[in-house]
Trainee: 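Provided herewith is a single structure, encoded as C-alpha cells, for subsequent inquiry.
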Amino acid sequence: MSESMAVRCPDCGREHQYAAPAYPCVCGTPVAPPLNRRAAPTSLTHHTWDEDWVTVRCGSCGRADQWPHPELGCSCGTVLRVPVAGGLRSPNPGDAPHTPVAPADPRATFRPVTIRTARDAVTAVALYLRWLGYRDIRRADQRQPTGIGLAARGVLAQVDPSVRPASPRDVECLWLSAMTESTDCVYFSLAGYANDARDRADGLGVSLFVLDLTGTPQPVNGAATELVATGAGA
C-alpha cells in the first residue's frame, strides 16, 4: 500500500490525507504511482487521455505500464490532480517501455476497480484488457457513435457507460472500425445488449462483455468466453 500524504485543495484550502490507489501488475504485484510531496495539486477541469495516465515501473518484475493518474475529489466539488514523483509522464501511443509478457496459464486473478463514473469504466476496461494480455493500451483514433474507444496491439475495444442496452448498430459500427484496421474487437457495456445486438455480434464474431459496478467484466457470448479462456496471445 502506498504511503499517505497531506493534499490541500487550492480552491477552498481544505486539507485531505491521500494515498494513491494500487493496481495489479500482470505479475500480480500491486503497483501505485509514487507521490510527489513537494509539489502542489492542481484543479482538474477536464480529462484527456495523455494527462490521465502515467508510466509506473513494477518493483517486482520491472515492467513499466500505464496507470491512472492519482486524483482526489474535494468536498467543495473540485477534482484535484495529485502530482507524482520521478518525472513520470503519460507516454505517446506505442512508446511505453515494456517487457513482452505472454498471458500466464493460469493468469493471476483479475482485481477490479469499482465503477462510479464513466472514467472508472474506462479504467476498469483498460486494466482488464491488460490482464487479458493486450499491450500499449491507448485511446482509439476513431470515435464511435457512443461510448469511448480504446485500442491496443491486436484489438479495438468499445466502452459504453450509457444506461441503454447496446444496439445492433453500436456493434456493427465497432466491427466496421475494427475491419478498417484489420484487428479484433471487443464491446464492454454497463447496460447490457439488446437481443438482436447479441445475434449480430455472434454473426460478426464480436466479443461482448457486461460491466458490473464492481468493475468486473462478464462475458455474454461465445466469442467473449473464448477470449477469457485463451487471452490475447491466442
Side-chain angles (χ1 to χ4, degrees), residues 23-26 49-50 52-53 55 63-68 90-105 107-108 110-113 115 118-161 166 169-190 193 197-198 200-211 215-234:
Y23 301 100
C25 177
V26 291
W49 179 266
D50 288 342
D52 283 352
W53 297 78
T55 300
R63 176 183 174 82
D65 259 322
Q66 297 179 68
W67 305 98
S90 297
N92 293 322
D95 72 356
H98 71 282
T99 301
V101 178
D105 187 15
R107 290 186 297 273
F110 175 68
R111 300 179 184 180
V113 176
I115 296 177
R119 181 175 184 264
D120 291 338
V122 175
T123 298
V125 170
L127 294 174
Y128 191 74
L129 291 173
R130 185 178 301 157
W131 177 78
L132 286 172
Y134 292 106
R135 298 291 169 257
D136 299 332
I137 300 165
R138 61 191 187 279
R139 280 289 293 267
D141 296 331
Q142 299 187 45
R143 292 183 177 272
Q144 300 298 320
T146 59
I148 300 167
L150 295 178
R153 295 183 181 179
V155 72
L156 182 65
Q158 180 75 4
V159 186
D160 188 348
R169 180 176 179 272
D170 296 328
V171 172
E172 290 170 355
C173 287
L174 174 62
W175 177 78
L176 287 171
S177 296
M179 285 290 290
T180 62
E181 299 183 13
S182 300
T183 189
D184 295 330
C185 54
V186 188
Y187 204 113
F188 296 86
S189 172
L190 271 175
Y193 303 89
R198 292 192 183 193
R200 191 65 180 132
D202 289 340
L204 297 174
V206 179
S207 299
L208 301 182
F209 289 85
V210 168
L211 282 168
T216 305
Q218 301 292 340
V220 296
N221 68 349
T225 300
E226 183 178 355
L227 178 58
V228 173
T230 61

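Just so it is clear, the model here is predicted, and its values are computed rather than measured.
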Trainee: If the condition is side chain to side chain donor-acceptor pair (under 3.5 Å), which residues does Glu172 pass it with, not counting sequence neighbours?
Mentor: Arg200
Trainee: Is there side-chain contact between Leu127 and Val113, with at least one heavy-atom pair below 4.5 Å?
Mentor: yes
Trainee: Hey, are the side chains of Arg198 and Leu208 touching, using non-hydrogen atoms and a 4.5 Å cut-off?
Mentor: yes
Trainee: Could you measure the distance from the CD1 atom of Ile148 to the CG atom of Asp160? Nearest 0.5 Å is fine.
Mentor: 9.5 Å
Trainee: Are side-chain heavy atoms of Pro68 and Arg119 found at a separation under 4.5 Å?
Mentor: yes
Trainee: Report yes if the distance between the aromatic ring centroids of Tyr187 and Phe209 is under 6.0 Å, otherwise no.
Mentor: no
Trainee: Measuring from Trp67:CH2 to Tyr23:OH, what's the distance to the nearest 0.5 Å?
Mentor: 9.5 Å
Trainee: Rounded to the nearest 0.5 Å, what separation is found between the CG atom of Leu129 and the CZ atom of Arg153?
Mentor: 14.5 Å
Trainee: Just grab all the salt bridge (Lys or Arg N to Asp or Glu O under 4.0 Å) pairs involving residues 122-134, residues at least two apart or on different chains.
Mentor: Asp65-Arg130
Trainee: Run Tyr128 and Thr216 through side-chain contact (heavy atoms from CB on, under 4.5 Å) and show every step you take.
Mentor: CA-CA 8 Å; Tyr128 191 74; Thr216 305; 5.9 Å; no
Trainee: Is Thr225 reaching over with its side chain to a backbone N or O of Pro219, donor-acceptor style, under 3.5 angstrom?
Mentor: no
Trainee: Checking the side chain of Ser207 only, and the main-chain atoms of Val186 only, is there a donor and an acceptor separated by less than 3.5 Å?
Mentor: no
Trainee: Any heavy-atom pair between the side chains of Leu150 and Val125 that's under 4.5 Å?
Mentor: yes
